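Encoded as structure tokens, the structure appears first; notes follow it.
Order of the sequence lines sets the chain letters (A, B, ...), proteins ahead of strands, with each chain counted from 1. Please read these numbers as outputs of a predicted model, since none were measured by experiment.
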Amino acid sequence: MNLVTPATLSSTAASARGAIKIYGEGDTEVRALDGVDVAFQRGQFSAIMGPSGSGKSTLLHCLAGLDQLTGGAVFLGDRNISALSETELTKVRRDQLGFVFQAYNLIPTLTAYENIVLPTALAGREPDHPWVDRVIDVVGLANRLTHRPSELSGGQQQRVAVARALANHPEVVFADEPTGNLDTKSRGEILRFMRLAVDEFDQTIVMVTHDPVAAAVADRVVFVSDGRIIDEELAPTAENLSSRMTRIEG
Amino acid sequence: MFKLLIRGIRAHIVRFLLTGLAIILGITFLVGSFVITDTIRVSFDDLFTQLTKGTDAVVQGPLTAGSVSNPDEQEKRDPIPASILAVVRQLPGVADAEGNIQTNSEQPIALISADGKPIGGKTAPQFGYGWLRNPDFSPWRIAIGRAPTADNEIVIDAQSARDGKLNLGAQVLVNAPPDNARRYNLVGIARFGRVDRPIGATGALFTMSEIQRITRLPAQFREIYVHAKSGVSSNAIRAQIAGALRVSNANVLTGNQYRQQQQNQIRKVLKFVYIGLFVFGGIGLLVGGFIIFNTFTVILAQRTRELALLRAIGAAPVQVVLSVLGEAVVVGLLASALGVLGGIGLAISLRAVLDALDLALPAGDLVVQLRTVGFGMAVGTIVTMIAALVPALRTARIRPIAALRESAVEQPLPRRSRGLIGGFVMSAGIAAVFVGLFTKVDNSVLLAAAGAVVAFTGVFIISPLLVPPAARILGFVPSRTRGMAGRLARDNAYRNPRRSAWTAIALTLGVAIVGLVTIVTASFKQTIAAALDNQLGTTDYFIAGTLSPDITARVSHVPGVKAAMGISFVEPTIQLADNTRPNDARLVLAIDPKQLQTFVNLGAIDGDLANLANNGIAVPRSFANRHHVHVGSQLYARFPKAQLQLTIAVIFEKRVFDRPALLIDHALYNRVAALPFDIFSVAIAEPGVDTAKGTEAIKKELHDYPTAVVKDFAQFKADQEKQIDQALFLFYGLLLLAIVIALIGIVNTLALSVHERTHEIGLLRAVGTSRKQIRTTIRWESVIISVFGTLLGLAIGIVFGAIFVMSLRTQNLVTKLDFALPRLAVIAVIAGLAGVIAAVLPARRAANLNVLDAIRTE
């Protein structure tokens with residue numbers, strides 16, 4: 001199935017073409033990505049689902065420039081980032097992307113606020129104060145800014161991570177199981193903020209998850225299995241995602 | 001449990017070796033000092049025993065009265081009249097007897113080849129011996145030529161002859177004050193037993209009558225050697241001789257007693273080699289102990305979960321503690337074993353160095369005694385165990401539940417108790433230092449040294465409290481100039497104050513010692529420079545060496561020289577009218593009363609220097625006050641050649657040549673000294689004379705005294721300072737080792753920190769931190785820690801340096817205190833650079849971490 005169509009190309013935020021990722025050699029060879037073509041729209045909340053070992057996280061890491069493809073290419077907008085040097089990739093991650101990982105997203109020696117503006121500070125720039133203030137306001141952290149990560153709950157820590165991902169006006173926010181370690185209440189909050197970021201701030205989010213409830217918040221869900229895109233869902237609900245996942249895993 | 005222990009060590013083998021390196025180096029010095037001194041001692045014992053085995057008894061003169069006040073000093077004995085030899089020879093048990101004379105350090109001779117160069121190298125002492133006819137009594141054997149038979153003939157040791165390219169028939173100039181230099185014909189070349197010459201010394205052999213003339217001991221001997229008739233035991237012959245010499249108070253020894261006596265003398269000399277190496281070994285071990293403490297603390301903190309798991313599955317606290325101590329024992333044993341090998345290697349290389357310096361030891365096997373190995377192994381292992389004890393005991397408090405927690409929870413001492421305990425320990429140590437340095441107690445040096453170690457332990461306990469403020473101040477630079485990377489470095493430097501402080505502590509210790517030594521030597525230099533300026537500021541030329549008394553007269557006649565004065569010294573036994581012997585009056589300088597004040601500023605004086613001519617003596621004001629004497633008081637002095645009653649003629653204010661010396665008339669000295677000669681001579685130029693040209697003129701005048709060294713005042717002063725610096729740089733070289741060990745400690749901890757923060761570093765990289773920024777962060781963290789350690793060390797060094805100098809001041813050994821700030825600044829900069837170097841490998845490792853793998857690490 002070819003998901004890249006001429007109509008979507010101009011508004012593509014991130015995409016992969018013929019992406020192949022092979023780990024190991026000979027008998028131990030694992031094809032984590034086996035020719036993936038996929039594109040994620042600007043201003044959309046996309047989710048990538050798949051069973052364990054399907055290659056969904058590898059796809060996200062390669063799209064985000066954290067891992068190198070064995071073959072094919074990944075694009076950020078129209079720019080092929082597969083060929084960039086490590087130094088250039090670092091700049092891309094710092095200036096154009098946002099990240100939310102599953103847990104331990106924050107630098108323990110920095111306060112919540114310092115963590116939020118960390119990428120800008122690394123670039124040696126002043127943060128966009130009105131924007132940062134607005135993000136902080138939305139995630140409800142205004143009275144927690146001077147706290148260190150160890151003084152925040154797991155849900156609060158993830159909210160700081162989301163705020164950091166947004167603080168830099170990124171072209172895409174990549175989230176890798178952002179709700180994996182949270183209780184139900186915190187999971188709901190984080191998903192709401194991410195939804196809000198897409199609806200209110202016109203952000204682009206690509207999220208990997210195996211949780212149908214989380215994926216249901218997305219506009220579009222692609223399914224990965226054995227290193228290939230096998231399906232997509234443009235009107236996701238927890239129920240239909242659940243039954244699809246059961247089918248894929250079965 | 002044992003299996004687990006071995007696995008644990010194997011998993012971290014490199015880290016343990018790095019940790020152990022400090023112990024290895026410390027033990028290397030300790031064992032090396034044992035092995036080299038044992039080797040020297042045994043090879044000389046062997047050589048000497050073999051060479052003198054034909055000697056069954058020895059007669060020596062009585063101990064010179066009052067000569068042995070310090071057991072470390074060589075014994076001084078009076079000579080024996082030749083008549084005693086005649087008595088001994090006639091005894092029924094005596095087969096043969098011969099008297100001997102050897103020059104000693106109080107009767108220096110100088111051997112000069114025809115081209116004016118000293119024979120046997122510049123540094124080697126030169127000794128003259130009488131030629132003994134019976135080979136049973138002497139180690140010397142003729143290799144080429146023949147023995148000296150006429151008084152103008154000389155025999156030189158084989159190595160000195162070879163080095164000086166001297167052949168039979170060569171002319172050798174011998175300068176033996178008070179005579180002028182004389183020429184001798186080289187008639188033979190001799191070996192000293194199996195070796196070419198005695199250790200490090202040049203030997204010259206003369207006829208017995210000539211050596212008696214040179215040493216001014218006509219018809220006298222230093223020792224008489226006796227060979228008994230066969231069947232007469234050495235005890236019997238000794239008893240026979242002692243009986244015959246009852247009235248002469250001579251000292252009679254059996255051959256074995258004599259050999260024992262000589263061996264003890266060698267041991268006294270070796271003691272200094274031994275103490276030197278021992279001190280460096282001790283410093284190495286102390287630094288090593290702190291590094292081991294720190295590494296065990298960090299490693300155990302990382303392994304809290306693992307240890308808690310052991311507890312959860314049923315290990316008792318004591319089992320956990322024992323497993324950690326077991327690791328310490330294994331590390332200690334391994335490191336000590338390597339240290340013992342290293343020590344043997346050090347001894348081998350020291351022997352090679354001695355060879356290269358022409359101080360070749362007699363051939364023989366290296367002496368590695370069982371006690372050396374046992375001592376090295378025990379000390380290394382015990383130090384390691386003691387250092388690991390506190391961290392190990394802490395593991396007993398780990399509760400099984402900790403296995404389930406997210407991160408290791410350390411419970412450091414509360415700030416208040418840390419400050420109180422550390423402050424108490426530090427004060428106790430400083431108090432001990434003060435008592436040791438400023439009061440008269442037994443073993444005061446030991447007490448002061450122990451106090452310094454205790455005080456340092458106090459600093460060690462307090463140091464974590466100093467890290468946060470210090471890191472904030474020191475971190476100002478990187479956080480302003482290196483942006484986010486610099487700020488992270490600053491924050492990392494104090495996120496675990498204990499670890500940072502204790503990582504730095506080894507460096508602190510090394511720098512503290514360097515700082516202390518620098519301050520003390522700088523103060524000495526200042527003192528000498530000031531004394532020279534104050535007291536001899538008018539002097540233009542210095543002539544040093546073993547000077548014949550006529551040298552001063554010849555210098556004073558050189559055109560352009562206004563005045564010259566020869567100075568000599570003697571160390572008589574002084575006794576006051578109340579029969580007490582003052583211990584602050586060992587040195588008596590001989591001066592010219594008429595010239596003295598032209599050269600030396602005595603300050604205010606009571607009495608008249610002219611009265612020195614009538615058996616007078618001048619004493620410093622401090623001496624007069626302490627012993628309640630005044631002008632006109634009497635005292636007794638036993639000189640080598642006379643015992644005299646002297647009258648205090650003058651009391652003066654200032655120290656002369658910066659020594660607490662008494663003064664007598666040079667004319668009196670010439671009458672009472674065994675061999676009168678001057679140790680130096682000073683001269684003043686006429687106004688307007690160029691001292692460089694003047695120096696040349698004096699050199700020219702003294703061309704037939706090749707051992708006299710002529711310098712102008714500036715040169716003399718510079719040389720004095722250079723001598724101190726040379727000793728200092730040797731010391732720096734050895735201390736560099738301690739600093740290298742300290743650096744290894746920093747590398748070790750940084751590597752552990754990087755390992756611990758793998759996830760964090762991955763995260764930083766993911767959100768856009770460049771490799772360069774990661775390296776910058778680690779490098780500046782290292783620099784902050786090492787500069788902190790250095791500044792703390794400098795502070796300690798300055799405090800203790802000042803205390804030490806103050807105590808030297810109360811003993812009048814120094815008068816100035818110089819903090820040598822430029823030199824201390826250089827040390828601080830070097831330490832900062834050292835921090836950069838220490839960070840290279842950990843920083844590279846951190847920067848090259850795979851981002852994804854790092855993020856996945858918890």
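The part of L110(A) that comes within reach of chain B is its side chain, from C-beta onward, which places non-hydrogen atoms under 4.5 angstrom from that chain. With a 4.5 angstrom heavy-atom cutoff, N105(A) touches chain B via backbone and side-chain atoms both. Of the two parts of V851(B), only the side chain, counted from C-beta on, holds a non-hydrogen atom closer than 4.5 Å to a non-hydrogen atom of chain A. Only the side chain of E86(A) comes within contact range of chain B, with at least one heavy atom under 4.5 Å from a heavy atom of that chain. For a residue to count as touching a neighbouring chain, one of its non-hydrogen atoms must lie under 4.5 Å from one of that chain's; by this rule Q773(B) touches chain A with the side chain only.
Contacts between residues 780-793 of chain B and chain A, defined by a heavy-atom separation under 4.5 Å, are made by no residue at all. Contacts between residues 474-491 of chain B and chain A, counted as heavy-atom pairs separated by less than 4.5 Å, involve M484(B), R487(B), L488(B), D491(B).
No more than 12 heavy-atom neighbours from other residues, nucleotides or ligands sit within 6.0 angstrom of CG on D226(A). For E29(A), the CD atom sits in a packed shell: over 12 heavy atoms of surrounding residues, nucleotides or ligands are nearer than 6.0 Å.
F101(A) contributes atom CZ, which lies 3.5 Å from atom CD1 of I855(B) (distance to the nearest 0.5 angstrom). For the atom pair L852(B) CG and Q68(A) CD, the distance stands at 10.5 Å (nearest 0.5 Å).
No side-chain heavy atom of R765(B) sits less than 4.5 Å from a side-chain heavy atom of R94(A). Counting only heavy atoms from C-beta outward, the side chains of L764(B) and L118(A) approach each other to under 4.5 Å. Side-chain atoms of E760(B) and I107(A), non-hydrogen and from C-beta on, do get closer than 4.5 Å to each other.
Comparing P119(A), A123(A), P108(A) by heavy-atom pairs within less than 4.5 Å of chain B, the highest count is held by P108(A). Comparing T109(A), T87(A), N168(A) by heavy-atom pairs within less than 4.5 Å of chain B, the highest count is held by T109(A).
Here the side chain of R93(A) pairs a donor or acceptor atom with the backbone of A766(B) at under 3.5 angstrom.
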